[in-house]
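Remarks on the structure that follows.
Count residues from 1 along the sequence.
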Amino acid sequence: MSNLLSYKNYNGTVEYSKEDKCLFGKVIGIKSLLSYEGDSVQELEEDFQDVIDRYLEDCKERNIEPEQPYKGTFNVRISPELHRNIAVYAIEHGKSLNAVVEEAIVNMVG
């Protein structure tokens, strides 16, 4: 079960403000700050979708490319020992380091 909203390949968080007695969230995976809120789950989902639609329309009007979340590249810091072990594993199996890491991630979250 996920606490993320999804719409048009964008994801957003779901949080609760006890002080304001409302739900709120922000779009994750992009640098632009896109936030939304609602008094119910339905309102939150509607505002989330409206924020994405307005963002995409604004980008279109300004003739700029909207940010795409999760471009498929990211940096990971691991211990030197684990780095060495996975590199040796990749060599022994005739695969690139990227292919082995991708395979491990697919096996975990597939």
Side-chain angles (χ1 to χ4, degrees):
M1 183 166 176
S2 173
N3 286 332
L4 292 179
L5 299 175
S6 295
Y7 180 67
K8 295 186 176 178
N9 292 322
Y10 291 88
N11 293 306
T13 61
V14 176
E15 299 183 53
Y16 175 69
S17 170
K18 187 174 182 178
E19 182 179 300
D20 297 325
K21 296 185 174 134
C22 75
L23 298 166
F24 69 97
K26 67 179 182 175
V27 176
I28 56 175
I30 62 174
K31 292 179 184 176
S32 296
L33 176 59
L34 304 178
S35 60
Y36 44 90
E37 63 181 53
D39 291 327
S40 68
V41 172
Q42 183 176 343
E43 284 183 16
L44 183 74
E45 289 177 343
E46 288 171 359
D47 198 36
F48 168 68
Q49 292 176 4
D50 287 345
V51 163
I52 299 296
D53 288 338
R54 286 194 310 266
Y55 170 69
L56 295 173
E57 186 61 34
D58 182 55
C59 289
K60 185 178 178 181
E61 288 175 5
R62 294 171 50 205
N63 200 29
I64 60 172
E65 196 68 30
E67 290 180 68
Q68 294 299 314
Y70 313 114
K71 296 177 183 177
T73 62
F74 62 96
N75 294 322
V76 177
R77 287 177 178 46
I78 58 176
S79 71
E81 182 179 353
L82 181 57
H83 189 175
R84 180 176 40 259
N85 290 345
I86 198 164
V88 169
Y89 178 92
I91 292 166
E92 288 175 342
H93 289 84
K95 298 180 180 181
S96 70
L97 186 57
N98 280 340
V100 171
V101 171
E102 183 174 359
E103 184 179 308
I105 292 171
V106 166
N107 286 331
M108 177 176 259
V109 298

Handout entry: Non-hydrogen atoms of P69 and Y10 that approach each other most closely
Key = CD-CE2, 3.5 Å
Practice task
Name all residues meeting the side chain to side chain donor-acceptor pair (under 3.5 Å) criterion together with D20; count only those two or more places apart in sequence or in a different chain, and write none if there are none.
Solution key: S17
Problem - Side-chain touch L5/Y36, heavy atoms, less than 4.5 angstrom - result: yes
Practice task
Find out if a path of hydrophobic residues (ILVMFWY) with successive side-chain heavy-atom gaps under 4.5 Å connects V27 to F74.
Solution key: no
Problem - Joint hydrophobic cluster, L33 plus V51, side-chain heavy atoms closer than 4.5 Å - result: no
Handout entry: Validation row: F48, L34 side chains within 4.5 angstrom (heavy atoms)
Key = no
Handout entry: For N11, all residues meeting side chain to side chain donor-acceptor pair (under 3.5 Å), sequence neighbours excluded
Key = S6
Fill in the blank from the handout: Distance col, row I86:CD1 vs I78:CD1, nearest 0.5 angstrom, shows 6.0 Å
Problem - Same cluster (ILVMFWY, side-chain, under 4.5 Å), L97 and V88 - result: no
Fill in the blank from the handout: Residues at least two apart in sequence or cross-chain that pass side-chain contact (heavy atoms from CB on, under 4.5 Å) with E15, listed by chain then number, are T13, F24
Exercise for the section: Please name all residues satisfying side-chain contact (heavy atoms from CB on, under 4.5 Å) with V106, sequence neighbours left out, ordered by chain then number. Expected result: E102
Completion exercise
side chain to side chain donor-acceptor pair (under 3.5 Å) filter on S35, not counting sequence neighbours, yields none
Handout entry: Under the salt bridge (charged side-chain N to carboxylate O under 4.0 Å, His left out) test, residues paired with D39 that sit two or more places apart
Key = none
Handout entry: Inter- and intrachain pairs under side-chain hydrogen bond (donor to acceptor under 3.5 Å, both in side chains), touching residues 73-96, at least two apart
Key = K95-E103
Practice task
For Q49, enumerate each residue passing the side chain to side chain donor-acceptor pair (under 3.5 Å) test, keeping only those at least two apart in sequence or located in another chain.
Solution key: none
Problem - Partner residues of D53 under the salt bridge (charged side-chain N to carboxylate O under 4.0 Å, His left out) criterion, sequence neighbours left out - result: K8
Handout entry: Linked, directly or transitively: M108 and I105 (ILVMFWY side chains, under 4.5 Å)
Key = yes
Exercise for the section: First locate atom NZ of K21, then atom CD of E19, and finally report the distance between them rounded to the nearest 0.5 Å. Expected result: 10.0 Å
Exercise for the section: Sequence neighbours left out, what passes side-chain contact (heavy atoms from CB on, under 4.5 Å) with N9? Give chain and number order. Expected result: none
Problem - Under 3.5 Å donor-acceptor, N3 side chain and V14 backbone - result: no
Practice task
Check step by step if side chain to side chain contact (heavy atoms under 4.5 Å, CB included) holds for V76 and V101.
Solution key: CA-CA 10 Å; V76 177; V101 171; 6.0 Å; no
Completion exercise
L23 meets the side-chain contact (heavy atoms from CB on, under 4.5 Å) criterion, sequence neighbours left out, with Y16, V41, L44
Problem - Residue pairs involving residues 55-67 (criterion salt bridge (Lys or Arg N to Asp or Glu O under 4.0 Å); sequence neighbours excluded) - result: D58-R62
